[in-house]
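Because only heavy atoms are used, hydrogens play no part in the values below, and waters and symmetry mates are left out as well, while side chains stay in.
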2 protein chains.
Amino acid sequence: MSHISSEETFKQILDLHHQLLSTFERCTGISASRMQVLFHVYHSKEISQTALKKLVGIDHAAITRHLKQLEGENMVIRRTSPEDNRFTLVKLSENGRQQIETLNKEREQFLNQMQLGFGEQELKQLSAMLQRIKHNLVQL
Amino acid sequence: MSHISSEETFKQILDLHHQLLSTFERCTGISASRMQVLFHVYHSKEISQTALKKLVGIDHAAITRHLKQLEGENMVIRRTSPEDNRFTLVKLSENGRQQIETLNKEREQFLNQMQLGFGEQELKQLSAMLQRIKHNLVQL
DNA sequence: TATCAATGTTTGATGAATCAAACATTGATA
DNA sequence: TATCAATGTTTGATTCATCAAACATTGATA
């Protein structure tokens with residue numbers, strides 16, 4: 001039945017989301033969004049918090065909280081931009097640079113296992129379907 | 001690139017999850033999990049909290065919290081089972097029965113819009129893919 | 001020079017889930 | 001009858017995100 005089917009899809013996405021996050025954290029020892037923050041800081045050398053918010057896709061307040069905690073754990077260094085004091089710039093600390101190697105490997109392992117058995121075509125197809133659902137929601 | 005692709009899928013699921021929950025709440029005025037609780041209570045006439053936890057797929061502590069709030073809003077009635085005092089049974093209140101009609105319509109509308117343009121075959125295919133990803137995670 | 005709108009960040013509050021511990025109840029067992 | 005393991009529920013604490021408000025900074029404008 002069509003209704004059961006769409007409810008099923010909805011539940012599956014919610015459930016998968018939960019599985020993804022908890023499995024990611026179990027495998028890497030760090031939450032997915034915090035890893036995403038570190039990942040982008042690593043790739044950007046130095047980046048502003050507002051740019052991070054756009055890349056990671058979470059609220060600026062959450063970005064600040066994550067970074068302050070990572071700063072406290074000596075993973076990143078933050079400084080106010082001399083060019084514009086509104087901007088807080090972030091880069092990996094020495095300790096952070098050392099730990100990012102392991103974290104990236106674990107992250108990659110997780111992502112590889114997640115898509116195991118999927119061909120490029122299937123991933124594109126899945127991506128397209130998820131995009132269509134998102135587009136449908138915009139109409140509401 | 002394969003790695004970019006799998007990261008993309010991951011981000012898409014996280015993003016879609018967020019869009020689904022916030023759009024659902026905007027359309028119905030109630031959170032998705034709370035609606036799920038009401039939906040199952042409605043369909044079961046009377047049900048235990050522990051059965052609800054299994055159907056809705058969230059923690060027993062969260063179930064208790066949702067139900068106590070719904071009880072406070074006069075949506076449900078809870079009682080200890082005379083057969084076994086460990087079980088708390090839940091059913092819709094009179095007020096709840098009246099409101100569930102509207103909520104169900106809004107929920108159905110949301111689900112119909114979510115899957116607009118999807119054929120049965122495509123939904124099955126999407127479902128299968130999400131299932132495969134979940135299965136992959138179990139291996140970690 | 002003072003004022004204004006916009007931007008970026010920080011902090012408090014809130015909602016929802018999980019985790020853990022505490023408590024009550026049940027049925028089995030010695 | 002007392003003890004035990006298992007089950008169900010409740011509550012406190014925690015995590016993470018969003019929302020809102022407050023604050024600092026910037027560049028434009030009068």
Partners meeting ring-ring contact (aromatic ring centres under 6.0 Å, His included) with Phe39(A) (sequence neighbours left out): His43(A)

Tell me the interatomic distance from Leu14(A), atom CG, to dA16(C), atom P, rounded to whole angstroms. 14 Å

Heavy-atom side-chain contact between Leu137(A) and Phe24(B) under 4.5 Å: no

With no hydrogens and no angle check, just 3.5 Å: does a side-chain donor-acceptor pair link Gln49(B) and Thr64(B)? yes

Measure the shortest side-chain to side-chain distance between Leu21(B) and Leu14(A) over non-hydrogen atoms and say whether it is less than 4.5 angstrom. yes

Per-nucleotide protein contact string for nucleotides 11-18 of chain D (B base, S sugar-phosphate only, - none; heavy atom under 4.0 Å): BBB--SSB

Could you tell me the separation between the CG atom of Leu67(B) and the P atom of dA16(C), rounded to a whole number of Å? 13 Å

Using the side-chain hydrogen bond (donor to acceptor under 3.5 Å, both in side chains) criterion, which residues pair with Glu122(A)? Sequence neighbours excluded. Arg132(B)

Residue set satisfying ring-ring contact (aromatic ring centres under 6.0 Å, His included) with His40(A), at least two apart, ordered chain then number -> none

Consecutive-pair stems (3 or more, Watson-Crick or G-U, under 3.5 Å) for DNA chain C: C:1-30 with D:1-30

Please list, chain by chain and in numerical order, all residues satisfying side-chain hydrogen bond (donor to acceptor under 3.5 Å, both in side chains) with Gln125(B), sequence neighbours excluded. none

Holding to side-chain hydrogen bond (donor to acceptor under 3.5 Å, both in side chains), I want the full list of residues that pass it with Glu25(B), two or more places apart in sequence or in another chain. none

Looking only at atom types and distance, does a side-chain atom of Ser44(B) sit under 3.5 Å from a main-chain N or O of Ile47(B), one as donor and one as acceptor? no

Sorted by chain and number, sequence neighbours left out, side-chain hydrogen bond (donor to acceptor under 3.5 Å, both in side chains) with Gln99(B) holds for Asn95(B)

Looking at DNA chain D, which of residues 77-93 of chain A put a heavy atom within less than 4.0 Å of it? Asp84(A), Asn85(A), Arg86(A)

Name all residues meeting the side-chain contact (heavy atoms from CB on, under 4.5 Å) criterion together with Tyr42(B); count only those two or more places apart in sequence or in a different chain, and write none if there are none. Leu92(B), Ile100(B), Asn104(B)

Partners of His17(A) by ring-ring contact (aromatic ring centres under 6.0 Å, His included), sequence neighbours excluded? His17(B)

Gln12(A)-Ser127(B) side chain donor-acceptor pair, cut-off 3.5 Å: yes

Mind running a 4.0 Å heavy-atom check of residues 40-56 of chain A against DNA chain D and sending the residues that fall below it, in number order? none

